[in-house]
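Have a look at the structure below, then the notes.
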Amino acid sequence: MLRLPVPNAQEVEEFRVLCERRFSVTLSSAEALDWATRLLHLFYLTSHEIYSLRQEE
């Protein structure tokens with residue numbers, strides 16, 4: 001089973017503040033957790049060498 005990283009409470013709050021400052025988007029804590037988790041998973045899956053999940057180049 002593949003375990004993907006999950007942001008902690010401080011990282012979620014930093015992400016929420018970043019979205020508000022940079023993009024003028026106000027997120028609730030739950031929304032920030034959801035979006036931060038999705039982005040972290042996407043980054044992790046596309047940046048790390050997980051051969052069974054990546055297309056052959």
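- Residues that satisfy the side-chain hydrogen bond (donor to acceptor under 3.5 Å, both in side chains) test with R22, not counting sequence neighbours, are absent from this structure.
- E11 pairs by the salt bridge (charged side-chain N to carboxylate O under 4.0 Å, His left out) definition with nothing, not counting sequence neighbours.
- L39 is connected to V25 through a chain of hydrophobic side-chain contacts under 4.5 Å among Ile, Leu, Val, Met, Phe, Trp and Tyr, so both are in one cluster.
- Under the 4.5 Å side-chain heavy-atom criterion for Ile, Leu, Val, Met, Phe, Trp and Tyr, F23 and V17 are members of distinct hydrophobic clusters.
- T26 approaches E31 most closely through the heavy-atom pair O-OE1, 4.2 Å.
- Of all heavy-atom pairs spanning P5 and L40, the tightest one is O-CD2, 3.5 Å.
- The side-chain heavy atoms of F15 and L33, taken from C-beta on, include no pair separated by under 4.5 Å.
- Once rounded to the nearest 0.5 Å, the distance linking CD of E13 with OG of S29 reads 6.0 Å.
- When all heavy atoms of H41 and V6 are compared, the closest pair comes out as NE2-CG2, 4.5 Å.
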